[in-house]
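Take a look at the structure set out below.
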Amino acid sequence: MKVAITGATGFVGSRLVERLLAEGMKIMVLTRDTDGARKVFPSNAYPNVEITAYTPTASGSWQNEIANCEAIVNLAGAPISEGRWTTERKQSILSSRKLTTQKIVEAIAQSTTKPKVLVNASAVGYYGTSENATFDENSPSGRDFLAQVCQDWEAEAQKVTDSGVRLVILRFGIVLGMGGALGKMITPFKLFAGGPIGSGEQWFSWIHLDDIVNLILRAITTSEMSGVFNATAPQPVRMAELSTTMGEVMNRPSWLPVPAFAIEAMLGDGAVVVLEGQKVLPQRTLQSGFTYQYSDLKPALENILK
């Protein structure tokens with residue numbers, strides 16, 4: 001099987017490439033930065049990885065290349081929680097997801113040989129934020145900026161079904177691994193200055209990096225999977241519990257909270273990503289028969305941090 005991947009050099013994408021190669025698959029990396037991608041996947045070490053240049057928000061010859069792929073995994077999107085949400089940045093967050101997905105679906109529609117499946121990322125931001133509500137795949141969408149981004153993102157992906165292609169949408173929670181969001185939280189704990197962010201009452205819906213990669217693999221290879229699945233662990237926690245558990249695993253105190261105003265000063269409107277949250281349960285994911293390696297937070301952190 002040959003799989004095309006956008007966002008392949010990122011935190012999740014690079015681990016996914018390794019996992020799919022271990023399964024004997026061939027990979028087409030769609031990237032804006034071919035030189036950078038070759039540094040991540042040098043040809044002598046990755047003979048089954050093909051690097052293809054693309055402009056994610058524009059039609060082009062790259063669209064013809066994916067005709068030879070049996071599956072497409074779309075992980076592309078500008079980072080959400082890095083920097084203030086200026087008008088320009090909000091537009092980048094939306095267009096990098098919506099337009100990239102639109103062009104992938106366009107390429108599939110125009111191709112005479114179509115892939116069997118499109119696995120498209122989304123996010124639990126779809127549901128909006130709440131300290132009290134519990135969400136699953138059947139819950140309605142929220143009304144804030146991120147919820148709207150996810151709605152527009154998913155709406156573009158849904159159009160691929162008009163071409164008879166199976167669609168799996170994975171609504172990502174916070175992915176835990178050595179890097180990503182967790183990587184930014186480790187340093188304060190190492191300096192004995194760790195603690196909860198904001199009130200500590202906000203929900204933290206997470207998933208271990210190995211589990212998200214295995215879930216993507218399952219979505220590619222299991223023809224019965226279609227529709228929306230929450231890519232979160234079955235046991236979400238509140239921010240205070242995350243902080244306490246990190247302290248226990250790292251043998252460090254968890255006593256110095258990061259005040260909300262400090263996060264808001266750095267991120268502006270983007271602070272909502274860490275100061276507010278949602279309790280998201282993977283109901284359909286569990287019903288599909290997917291087995292988590294890490295259902296509980298402490299074993300997941302022990303695997304990553306030790």
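Basis for what follows: all heavy atoms, side chains included, without hydrogens, waters or symmetry-related copies.
The shortest heavy-atom contact between P299 and D296 is CD-O, 3.4 Å. Closest approach of V249 and K306 over heavy atoms only: O-CE, 3.2 Å. Here the shortest heavy-atom pairing between W255 and P257 reads O-CD, 3.0 Å. When all heavy atoms are compared, the tightest approach of A233 to P282 is O-CD, 3.8 Å. Heavy atoms only, all atoms of each residue included: P236 and W203 are closest at O-CZ3, 3.6 Å. The minimum heavy-atom distance linking A8 with V17 is given by the pair CB-CG2, 4.0 Å.
A donor-acceptor contact shorter than 3.5 Å links the side chain of Q202 to the backbone of G200. Although no hydrogens or angles enter the test, the distance criterion places no donor-acceptor pair under 3.5 Å between the side chain of S122 and the main chain of L170. Proximity of a side-chain donor or acceptor of R166 to a complementary backbone N or O of E224 within less than 3.5 Å is not detected. T232 places no side-chain N or O within 3.5 Å of a backbone atom of S205 that could act as its donor or acceptor partner. At least one donor-acceptor pair under 3.5 Å links the side chain of K114 to the backbone N or O of A109. Side-chain N or O atoms of D136 include none that pairs as donor or acceptor with a backbone N or O of Q283 at under 3.5 Å. Checking side-chain atoms of R218 against main-chain N and O of S288 turns up a donor-acceptor pair under 3.5 Å. At least one donor-acceptor pair under 3.5 Å links the side chain of S96 to the backbone N or O of I93. Although no hydrogens or angles enter the test, the distance criterion places a donor-acceptor pair under 3.5 Å between the side chain of T161 and the main chain of Q158. Of the possible donor and acceptor atoms, none in the side chain of E276 sits under 3.5 Å from a partner among the backbone N and O of T129.
Residues T34 and I51 have side chains in contact (heavy-atom distance under 4.5 Å, counting atoms from C-beta outward). With contacts defined as side-chain heavy-atom distances shorter than 4.5 Å, the pair L21/V49 qualifies. A heavy-atom distance below 4.5 Å is not found between the side chains of P234 and L281. Side chains of I220 and L20 form a contact here, defined as non-hydrogen atoms less than 4.5 Å apart. Looking at heavy atoms from C-beta onward, W153 lies out of side-chain contact with K98 at the 4.5 angstrom threshold. Counting heavy atoms from C-beta on, the side chains of R89 and P79 come closer than 4.5 Å. Proximity of R32 to T55: side-chain heavy atoms (C-beta onward) are nowhere separated by under 4.5 Å. Between L146 and W85, some side-chain heavy-atom pair lies under the 4.5 Å cut-off.
Rounded to the nearest 0.5 Å, atoms CD (E264) and CZ (R84) are 9.5 Å apart. With rounding to the nearest 0.5 Å, the separation of CE in M25 from OG1 in T221 is 6.0 Å. Interatomic distance, CD1 of I5 versus OG1 of T52, reported as 11.5 Å (0.5 Å rounding). To the nearest 0.5 Å, atom CG of residue N230 and atom CD of residue E137 are 4.0 Å apart. To the nearest 0.5 Å, atoms CD1 (I197) and OG (S243) are separated by 8.5 Å.
Looking at D152 and Q148, their side chains do bring a donor and an acceptor atom within 3.5 Å of each other. Side chain to side chain, S59 and E106 meet the donor-acceptor criterion of an N or O pair below 3.5 Å. Side-chain N/O atoms of T101 and N74 include a donor and acceptor closer than 3.5 Å. A side-chain donor from one of E18 and Y46 sits under 3.5 Å from a side-chain acceptor of the other.
Qualifying salt bridge (charged side-chain N to carboxylate O under 4.0 Å, His left out) partners for E248, counting only residues two or more places apart in sequence or in other chains: K298. Contacts of R284 classified as salt bridge (charged side-chain N to carboxylate O under 4.0 Å, His left out), with partners at least two apart in sequence or in another chain: none. A search for ring-ring contact (aromatic ring centres under 6.0 Å, His included) contacts involving Y126 returns nothing, not counting sequence neighbours.
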Review point. Is there a side chain to side chain contact (heavy atoms under 4.5 Å, CB included) between L297 and Q235 once you walk through the steps?
Key: CA-CA 7 Å; L297 180 65; Q235 302 295 334; over 6 Å; no

Point to revise | Verdict with supporting geometry, I27 and F41, side chain to side chain contact (heavy atoms under 4.5 Å, CB included) | key: CA-CA 11 Å; I27 306 298; F41 305 113; over 6 Å; no

Exercise for review: For side chain to side chain contact (heavy atoms under 4.5 Å, CB included), just list the numbers for T285 and Y292, CA-CA rounded to whole Å, side-chain angles, deciding distance to a tenth of an Å, and then say yes or no.
Suggested key: CA-CA 10 Å; T285 306; Y292 289 82; 3.5 Å; yes

Exercise for review: Given side-chain hydrogen bond (donor to acceptor under 3.5 Å, both in side chains), test S254 with T244 step by step and report yes or no.
Suggested key: CA-CA 6 Å; S254 176; T244 299; 4.6 Å; no

Check your understanding: Taking it one step at a time, do L16 and L75 satisfy side chain to side chain contact (heavy atoms under 4.5 Å, CB included)?
Key -> CA-CA 10 Å; L16 177 64; L75 304 175; 4.2 Å; yes

Exercise for review: Go through the steps to decide whether R97 and E156 satisfy the test salt bridge (charged side-chain N to carboxylate O under 4.0 Å, His left out), and finish with yes or no.
Suggested key: CA-CA 9 Å; R97 289 162 172 78; E156 292 299 331; over 6 Å; no

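Open room surrounds NZ on K116; 12 or fewer heavy atoms of other groups in view lie less than 6.0 Å from it. Residue E88 places its CD atom among 12 or fewer non-hydrogen atoms of other residues, nucleotides or ligands, all under 6.0 Å distant. Heavy atoms from other residues, nucleotides or ligands lying under 6.0 Å from CG of N251 number 12 at most.
Linking Ile, Leu, Val, Met, Phe, Trp and Tyr whenever their side-chain heavy atoms come within less than 4.5 Å puts L242 and L275 in one cluster. If you chain together hydrophobic residues whose side chains sit under 4.5 Å apart, V29 and V117 fall into the same group. By the criterion of side-chain heavy atoms lying less than 4.5 angstrom apart, applied directly or through intervening Ile, Leu, Val, Met, Phe, Trp or Tyr residues, V119 is grouped together with I207 in one hydrophobic cluster.
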Table please: side-chain donor-acceptor pairs of residues 171-194 below 3.5 Å, with sequence neighbours left out.
unit_1	atom_1	unit_2	atom_2	d
R171	NE	E154	OE2	2.8
R171	NH1	Y127	OH	2.8
R171	NH2	E154	OE1	2.9

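Classification of E131 and K279 as a salt-bridged pair fails, no side-chain N sitting under 4.0 Å from a carboxylate O. A salt bridge is absent between R238 and E241: the closest approach of a Lys/Arg side-chain nitrogen to an acidic carboxylate oxygen does not fall below 4.0 angstrom. By the 4.0 Å N-to-carboxylate-O rule, D35 lies close enough to R38 to be salt-bridged with it. Ion pairing between R15 and D210 holds under the 4.0 Å rule for side-chain N and carboxylate O.
Note that K90 lies in the cation-pi zone of F145, set by a 6.0 Å cut-off to the ring centre and a 45° limit from the axis.
Taking Ile, Leu, Val, Met, Phe, Trp and Tyr as members and joining any whose side-chain heavy atoms lie under 4.5 Å apart, directly or through other members, L99 forms no hydrophobic cluster with any other residue. Other residues sharing a hydrophobic cluster with L118 under the 4.5 Å side-chain heavy-atom criterion for ILVMFWY residues are M28, L30, Y54, W62, I66, I72, I104, V105, I108, V160, V165, L167, I169, V228.
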